[in-house]
2 protein chains.
Amino acid sequence: MSAAEIKQSALARFAQDGYEGASLKHIADDCGIKKPSIYAHFSSKEDLFLQVLADVFERQKQRIEDYFEEHASLPLEAQLKGFVVDWQQIYERDAERKFFLRMVFFPPSALYDDVMNLVYPFLDEQEQKLSRLLAAGCPVQGRIIRHPRQAAIAYLTLLDGIAVEMLYGGEARTTRRLEAAWPVYWSGVSRER
Amino acid sequence: MSAAEIKQSALARFAQDGYEGASLKHIADDCGIKKPSIYAHFSSKEDLFLQVLADVFERQKQRIEDYFEEHASLPLEAQLKGFVVDWQQIYERDAERKFFLRMVFFPPSALYDDVMNLVYPFLDEQEQKLSRLLAAGCPVQGRIIRHPRQAAIAYLTLLDGIAVEMLYGGEARTTRRLEAAWPVYWSGVSRER
DNA sequence: ATATGACTAACGACCGTTAGTTAGGAGGAT
DNA sequence: ATCCTCCTAACTAACGGTCGTTAGTCATAT
């Protein structure tokens, strides 16, 4: 049994039941060991949680970076919409996103500061990156008719709206929402109709 | 001490700490009684929670209804944007919204079905009402260039995106998000630029 | 020989809950 | 008016269970 396997089980439990709702016994059961064995790898529940949290944020950052690097040659609209689709597809089979969203929206109140010290820089960086992307992809006579920052904020709003539906709506409802909201967003920020 | 006061304290605690994270002791302390006294009014923690939940959904429904009735004479855009603003302003001083959003997004896993039996009908009704509003407000040669249902879904997506920012972003960030995203939405669904 | 990572046993604290008690107020009968 | 009764809503004490955590032990592999 490795620390990585424990973190994986913990991730799933934290995502499903929250920090307070997830017990070390459940986590231990999930990966086939006894509760005190966790303490051979982590000094406390809090320690386990914070390590999972840091890992998730790191991977999340990496994944976003990878996506936009891989699809840099696509037209801007395809890049942006594809990112949401990609996000959705991974989410379906990935407790990581649920954990991520849960901790961003409702961090355990005992660890509020620890969580938010990761969340705020992450969101700011994401907004800046998007602003640059929107500004760079559409120079002087480009298609975007909004200020890049405004288009970025609106995009993040859309992203969150989709994310919310992911949390409880299932795949069909999420797709429906994306297909309805994307054209509205795109025609709202671009010259196209 | 009345049952209503206990429910109010419970609401605040459930909103802040979640179902599992909120203990009866905390709730009792908040309203100045001892823990077992809660059982004079509620048969269990679950009972208390479910009563709070039902109340919140009832009031939420009522509030939405009242808003659109009061502002029925306004132009459609003002009605729709005003609703978001109204929502935001009430939220600032109201644990009720936080509770509502928390339970919609991350219901306690032990009571998942009870919560979702309230959530799904609520959301469906809201979508239908919005569709009717958008369809009725903009007949044949109206301003909306989208199918009413599509405009409604996109509106709900916007609403959720704003709600997310309310949860952790504070008032300033929420306003910034609304001011950025609203024009994008409106020009995306209407003839106006 | 030493270190790792499992284990069992048990700790104190807190959880939701129940039992049993008590103060206070309402209503009715004398 | 006063007594008696009943009900309500609070209380203290304590229950069994689970929580996170620690101590101590033991097999395995380096």
Side-chain angles (χ1 to χ4, degrees), chain A residues 1-56 95 99 102-103 106-115, chain B residues 1-56 95 99 102-103 106-115:
Chain A
M1 183 57 49
S2 68
E5 294 177 58
I6 297 174
K7 283 197 281 191
Q8 197 174 327
S9 296
L11 171 66
R13 278 290 168 186
F14 287 141
Q16 181 71 35
D17 303 327
Y19 178 74
E20 298 92 350
S23 78
L24 293 181
K25 168 138 183 31
H26 285 146
I27 294 169
D29 285 352
D30 284 354
C31 54
I33 61 175
K34 301 296 177 180
K35 182 172 55 158
S37 303
I38 294 174
Y39 284 80
H41 303 274
F42 304 94
S43 69
S44 66
K45 184 186 186 182
E46 187 178 319
D47 177 38
L48 169 59
F49 172 79
L50 290 177
Q51 286 197 34
V52 170
L53 185 74
D55 287 3
V56 166
F99 176 91
R102 180 162 204 150
M103 291 314 139
F106 300 100
S109 36
L111 303 173
Y112 184 84
D113 289 343
D114 298 284
V115 176
Chain B
M1 182 57 50
S2 68
E5 295 176 59
I6 296 174
K7 283 197 281 191
Q8 197 173 327
S9 296
L11 171 66
R13 277 290 169 185
F14 287 141
Q16 181 72 35
D17 303 327
Y19 179 74
E20 298 91 349
S23 78
L24 293 181
K25 171 143 183 23
H26 285 146
I27 294 169
D29 285 352
D30 283 354
C31 54
I33 61 174
K34 301 295 178 182
K35 184 173 55 156
S37 303
I38 294 175
Y39 285 80
H41 303 274
F42 304 94
S43 69
S44 65
K45 184 185 186 183
E46 187 178 318
D47 176 40
L48 169 59
F49 173 80
L50 291 177
Q51 287 197 35
V52 170
L53 186 74
D55 286 4
V56 166
F99 176 91
R102 181 163 204 151
M103 291 315 139
F106 300 101
S109 36
L111 303 173
Y112 183 84
D113 289 343
D114 299 284
V115 176

Chemist: Taking only side-chain nitrogens and oxygens of B/Ser37, does any of them come within less than 4.0 Å of OP1 or OP2 of D/dA9?
Modeler: no

Chemist: Let's see if you can work this out: which of C/dA9, C/dG16, D/dA10 has an atom nearest to the side-chain heavy atoms of B/Lys45?
Modeler: C/dG16

Chemist: Specify whether B/Phe106 and A/Phe106 have parallel, tilted or perpendicular ring planes, treating 30° as the upper limit for parallel and 60° as the lower limit for perpendicular.
Modeler: perpendicular

Chemist: Rounded to the nearest Å, what distance is computed from the CD atom of residue B/Glu46 to the C1' atom of nucleotide C/dT17?
Modeler: 13 Å

Chemist: Do you know which two heavy atoms are closest between A/Asp17 and A/Ala22, and how far apart they sit?
Modeler: CB-N, 3.9 Å

Chemist: Relative to each other, are the rings of A/Phe99 and A/Phe14 parallel, tilted or perpendicular (30° and 60° limits)?
Modeler: tilted

Chemist: If you compare every side-chain N and O of A/His41 against the phosphate oxygens of C/dT4 (OP1, OP2), does one of them come in below 4.0 Å?
Modeler: no

Chemist: Could you tell me how far apart A/Tyr39 (OH) and C/dG5 (C1') are, to the nearest whole angstrom?
Modeler: 16 Å

Chemist: Considering only D/dT21, D/dA9, C/dC15, which nucleotide approaches the side chain of B/Ala40 most closely?
Modeler: D/dA9

Chemist: Got more than 12 heavy atoms from elsewhere within 6.0 Å of CD, A/Gln8?
Modeler: no

Chemist: Between C/dG16 atom C1' and B/Phe49 atom CZ, what is the distance in whole Å?
Modeler: 16 Å

Chemist: Could you tell me the separation between the NZ atom of B/Lys35 and the C1' atom of D/dA9, rounded to a whole number of Å?
Modeler: 18 Å

Chemist: In whole angstrom, give the distance that lies between atom CG of B/Leu50 and atom P of C/dG16.
Modeler: 15 Å

Chemist: B/Lys34 side chain N/O closer than 4.0 Å to the phosphate oxygens (OP1, OP2) of D/dA10?
Modeler: no

Chemist: Within residues 12-28 of chain B, which residues have any heavy atom lying less than 4.0 Å from an atom of DNA chain D?
Modeler: none

Chemist: May I ask you to check whether over 12 heavy atoms, not counting those of A/Gln51, lie within 6.0 Å of atom CD?
Modeler: yes

Chemist: Quick check: do A/Ile33 and A/Ile6 have side-chain heavy atoms less than 4.5 Å from each other?
Modeler: yes

Chemist: Could you tell me the separation between the CD atom of B/Gln16 and the OH atom of A/Tyr112, rounded to the nearest 0.5 Å?
Modeler: 9.0 Å

Chemist: Just how far, in rounded Å, is C1' of C/dT22 from CD1 of B/Ile33?
Modeler: 17 Å

